[in-house]
Number of protein chains: 4
Amino acid sequence: MREDATAAAVPGPDAPARRPGRRRDGAKDDVILQAARELLTERGYDGMTMDAVAERAGAGKATVYRRWPSKVQLTVDSLLCSKQVTIDELPDTGSLREDLLTIFTMAGRMKNDDLMSGLLTAVRDEPEVRSVFHEQFVAGRVRLVREVLERARLRGETAPGADLDMVAAVAPAMVHYRKVVAHRPMDAEFAERLVDTVILPLATGTPADAAPDPA
Amino acid sequence: MREDATAAAVPGPDAPARRPGRRRDGAKDDVILQAARELLTERGYDGMTMDAVAERAGAGKATVYRRWPSKVQLTVDSLLCSKQVTIDELPDTGSLREDLLTIFTMAGRMKNDDLMSGLLTAVRDEPEVRSVFHEQFVAGRVRLVREVLERARLRGETAPGADLDMVAAVAPAMVHYRKVVAHRPMDAEFAERLVDTVILPLATGTPADAAPDPA
Amino acid sequence: MREDATAAAVPGPDAPARRPGRRRDGAKDDVILQAARELLTERGYDGMTMDAVAERAGAGKATVYRRWPSKVQLTVDSLLCSKQVTIDELPDTGSLREDLLTIFTMAGRMKNDDLMSGLLTAVRDEPEVRSVFHEQFVAGRVRLVREVLERARLRGETAPGADLDMVAAVAPAMVHYRKVVAHRPMDAEFAERLVDTVILPLATGTPADAAPDPA
Amino acid sequence: MREDATAAAVPGPDAPARRPGRRRDGAKDDVILQAARELLTERGYDGMTMDAVAERAGAGKATVYRRWPSKVQLTVDSLLCSKQVTIDELPDTGSLREDLLTIFTMAGRMKNDDLMSGLLTAVRDEPEVRSVFHEQFVAGRVRLVREVLERARLRGETAPGADLDMVAAVAPAMVHYRKVVAHRPMDAEFAERLVDTVILPLATGTPADAAPDPA
DNA sequence: CGGTAACCGAGACGGTACGTCCGGTCTTCCT
DNA sequence: AGGAAGACCGGACGTACCGTCTCGGTTACCG
C-alpha cells in the first residue's frame, strides 16, 4: 500500500545500485500513521484532514503525499498497522470455547471496525485497496478462527463432518455486522451467545439450548 | 425520512385548508431518487454529487434539498425505496431449505449492499440515520429470515433447543460480509453451502457434511 | 479583466433571455477588490494570499475565483480601480510649470508603482493582461501629461518644433524608473529638477541652468 | 553577489591556512548561471524553478544554494553576468548622435530588461539585492550615457547650462519603460526619435523638429 | 599513503500558497 | 407558491515550489 520508493528489499547479487539521494526517514512513516490513527479515532474519517495529519505528525503535506498517494490509502495503512492478533499471541487454553471467547473479547476491544466504515467506499472502487483490505480484515480474521478450530480438531473436539472453513467465516462476519452495521457493542454477553449457540454447535455438532433476542 | 411538507395525506374532516401555490410535483421525488440510485451505482457514494443528482433529475439543487435535508438522507431513501423483499411476497415452498435459498438468491441480486458501503460513515456519526438504516438493513432482514424459520418451526422442522433468533441473525451478516467486505458474489454455490453447512444444521440440529474453501 | 458572466450589458432586441439563477452580488466585487488592495499595501504582492483576500472580504475562495481566474488578474484589477488622476480633476494653474509639478506631486503620493512590480512578470507572459495594464499605467499617464502640454501649447508656451508627444512620454518613464527601479522617492526636489531641466526645456525650447547629481 | 566561501583571494601574510577538502568546481558556476539564463528566457522568472536550474545544470540543489543564497540572488547574477556594455568597448564615433544611437542599438538587443521584471518585487523588499541591482541596471547605464555626454562636452558639443547628469538619467528610464512596462521594442525608429527630440536637444540646447506618436 | 574535510548529485524534508471541488444554503426569476 | 438555475460560504483536497538537510560517494589537501 505504502509507496515503496526505497524498497530494494533484498538486493540481488547483481548490485541493485541503490538510488542516490537522501533516504526516507523510516521513523516518519510511523509518526504519520500514528497521527492518522489518532485523528481517525478522535474525529472520524471525515474529520481526519490531511493537513491535520501532517501537522500532528510534525510533517509537511508533501511528505505525507510522497508516501501515500491519497487519503484513502493512508487510512487503509493506518488501520492495517494497527495491532493485529495473530495465532502466536493467542494463548492455547486447551478449550475451544475459551479460545473463541478470547478472540471475541479481543475483537470487542479493537476500534478498527468503527473506523474502517469510511473505507468501504474506496474498497468498492479501487482494486488495489481491495486486496490489501481483504487480506487484513477478512482473510486474516478468518484464518485466526480457523487456526483455533484446527487446534480443536486435533484435540478431537470437532465433529467429523463439520465444515470448519465455513464455520471460521461465520465469526468475523458476525463481529463486523454487529459493530459496523448494527452498531452495537461486541460485549461478553453477545460473545458467549454467539459461541454457545452458533460456533460451538457448528464445530462440535452438538446442538445448544435456546436464548432470547439476538440482533 | 423524506420531508413531508405536503403531507396532509388524508385530509381530516376539519378542512385542511390546502395551502395555496403550486403543489409539489410528486413525480419529482421518484425522478430524483432514480437519479441518485443511478449515480450511486455508476460512481459510488463519493461520486454521487448533489449537483450531479440535481442535473440528472432535471432539477435544481434547492428542489432536492427541499425534500431531503442532506446527501446522506437522500442516499438512505434511495436505498430504502429499492424493492425490499417482505415475507408476504416470499413463496412458502414448504421446505426450509428452499425458502432460504430463495432468500439468498434474491439477496444476491440486490445491489443495495454494494451501495450502502458509503453510508456506514454516516451511520457511525448521525444517530438519526442510524435507526432508519438499522431497521431497513438489519432488523428487516433478520425478521425475514426469522419468519422463514418460524414457518419451519411450526412445521416441526427445527430442533427444539435451536436459538432461532440467533440463527436468523447469521444469514444477513454473512450476506453483508461477503458482498460488502469480501466483495465476492453471493452466488448459488455459496448460498447452498451457507444453507447446508451453517443455517440448516443450526436450525435443525443436524450436522452436515464438509466442503472446501469458505471465505 | 473581470469575468463578466452576467454581462448581457446591452440586451439586443432579440430578447437575450436573461439566464435564471441567483445574480452575482455586484457589491462583492468591490469588497474583494478592496480587500486585495489593502493586503497588497500591507503585505506586498507575495503576502497577498488568495485565502487572505477571501477571508478579509468575507467571501469564499470559490467566489473570488469565479470572478477572477487567477491572482494576477485580481491584482491587476485591484490596481486598475485605484483612483487614477484624470485631466478633469487637475486644476488648470495657467502655468505649465505648476501643472507639471502638481502631476508629479500626485504621482509621488501614489503607491501603485510600488505594487505593480510583482505584476510585470505576468504582463510579460499574458497578452490579455498586457493591454489592460498598458492602457492604465502607460497610455493613461502619458495622456495626462500630454493634456497639460496641450494646454500650454494653446497658451503659446511651447516651442513650435517641440515633439510634445515624446516629451509627454518622458515624464511617466522617469517617475516609474525612479520609484520602481531606482527605488528613490519621488520628492519635490527631484520633481522640480525634472521639470526645470528636462520637461520645460524640451517643451519650451529654452535651455536651463545646470544642477548637480541626478540619478 | 555570489557566495565566496572559497575566496581567500589574497592570502594575507598571517598564514591564510587554506581549508582542506575538495575545492569547489569553478566551472560549475558558469554552468548554473547558463542554465538559469536559459530557463529565464524560455519560461520567465516564475517558470525558472530552482529544481529545473539544478537539473539542467546537472547539479544538485545544494550545489546551487551553496553558491547563491536564494533564487533572487541567482537571478540577479545571471542577469549581471550578461555582457554589459562599458565605455571602453564603445567606439568613439566623434559624434554625440552616433554614440547615443550606438548605445540604444545595443540596448535594444539586450534581453535583460524583459527578464528582470520578476526581480522588481525582490528589489523592493531586500535591501541587499537593491544595491547590486541598482549599480548594475541603473547607475551603470546612466554612467555609460554620462560618459558619452562628457566626451561631447569636451568636444564643445553641449550647451553650457545643460544638466548632463539629468540628461544621462533620461535615457535608461526611457529604455526601461519602453521595454518592460510598455512592452514595445527598442527599435531604430524609436531610438532615433528619442535621440533627436529629447536627448540631443537637452544636451546641446538646440530645439528639434516635431514628429508624431511617441508612447 | 592514509586521514579528513569539503565537495558533489540526488532527493526527502517542513512550510505554505495555489486553484479546484463539494456540501448545504440563499437568492433571483419564471411558470 | 413551487421550481430551475446558480451564486454564496466554508473548508478539504492534492500539487508545486522554496530553501534546508541528509545521504552515500568523490576529490584533494595534509600530515
Side-chain angles (χ1 to χ4, degrees), chain A residues 5-6 18-25 28 46-52 54-55 57-67 69-71, chain B residues 5-6 19-25 28 46-52 54-55 57-66 68-72, chain C residues 5-6 17-25 28 46-52 54-55 57-71, chain D residues 5-6 17-25 28 46-52 54-55 57-66 68-72:
Chain A
T6 337
R18 244 203 20 29
R19 296 212 328 288
R22 181 171 176 176
R23 229 51 26 84
R24 284 210 189 139
D25 183 353
K28 215 78 223 206
D46 285 349
M48 180 192 86
T49 312
M50 292 302 261
D51 289 79
E55 185 186 350
K61 266 191 353 169
T63 302
V64 178
Y65 277 100
R66 200 177 294 118
R67 293 153 190 249
S70 75
K71 178 176 175 176
Chain B
T6 337
R19 302 203 320 281
R22 183 171 170 180
R23 217 53 20 72
R24 257 191 211 170
D25 183 355
K28 213 81 215 206
D46 285 349
M48 180 192 88
T49 316
M50 291 305 263
D51 291 77
E55 184 187 350
K61 266 170 51 165
T63 303
V64 178
Y65 274 101
R66 200 174 296 119
W68 289 272
S70 75
K71 176 177 175 176
V72 169
Chain C
T6 335
R18 241 214 9 47
R19 300 207 326 286
R22 182 171 175 177
R23 226 52 26 78
R24 278 205 195 148
D25 183 353
K28 214 79 218 209
D46 285 349
M48 180 193 85
T49 309
M50 291 303 262
D51 289 79
E55 185 186 349
K61 267 189 359 169
T63 301
V64 178
Y65 277 101
R66 200 176 295 119
R67 291 153 190 250
W68 291 274
S70 75
K71 178 176 175 177
Chain D
T6 338
R18 237 214 15 49
R19 302 201 324 281
R22 180 172 174 177
R23 220 61 25 74
R24 261 189 210 167
D25 182 356
K28 215 79 220 206
D46 285 349
M48 181 192 87
T49 310
M50 291 304 261
D51 290 77
E55 184 186 350
K61 267 175 33 164
T63 303
V64 177
Y65 275 101
R66 201 175 294 120
W68 291 274
S70 76
K71 175 176 176 178
V72 170

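Note on naming: letters A, B, ... go to the chains in the order of the sequence lines (proteins, then strands), and numbering restarts at 1 for each one.
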Map A:A57 and C:A52 onto DNA chain E by nearest heavy atom, then report which one ends up closer to the 5' terminus.
A:A57
When you measure from the side-chain N and O atoms of D:R23 to the phosphate of F:dC29, is any distance below 4.0 Å, counting only OP1 and OP2?
yes
Would you say D:K28 places a side-chain N or O within less than 4.0 Å of OP1 or OP2 belonging to E:dC7?
no
Between the protein and nucleotides 23-25 of chain E, list every N/O to N/O distance that falls short of 3.5 Å.
from, atom 1, to, atom 2, distance (Å)
E:dG23, OP1, B:K71, NZ, 2.9
E:dG23, OP2, B:M50, N, 3.1
E:dG24, OP2, B:Y65, OH, 3.0
E:dG24, OP2, B:K71, N, 2.9
E:dG24, N7, B:K61, NZ, 3.1
E:dG24, O6, B:K61, NZ, 2.9

The criterion is salt bridge (charged side-chain N to carboxylate O under 4.0 Å, His left out); which residues satisfy it with A:D46, sequence neighbours excluded?
none
Is it true that a side-chain atom of A:K71 and a backbone atom of A:M48 form a donor plus acceptor pair closer than 3.5 Å?
yes
For F:dG3, take OP1 and OP2 only and decide whether either is under 4.0 Å from a side-chain N or O of B:R66.
yes
Is there a side-chain polar atom (N or O) of D:T63 under 4.0 Å from OP1 or OP2 of E:dG9?
yes
For A:D25 and E:dG14, what is the distance between atoms CG and C1' respectively, to the nearest whole Å?
12 Å
Between CD of C:E55 and C1' of F:dC9 the distance, given in whole Å, is 12 Å
Contacts of A:K28 that satisfy salt bridge (charged side-chain N to carboxylate O under 4.0 Å, His left out) - sequence neighbours left out:
none
Between C:A59 and B:G60, which residue's closest nucleotide on DNA chain F lies nearer the 5′ terminus?
B:G60
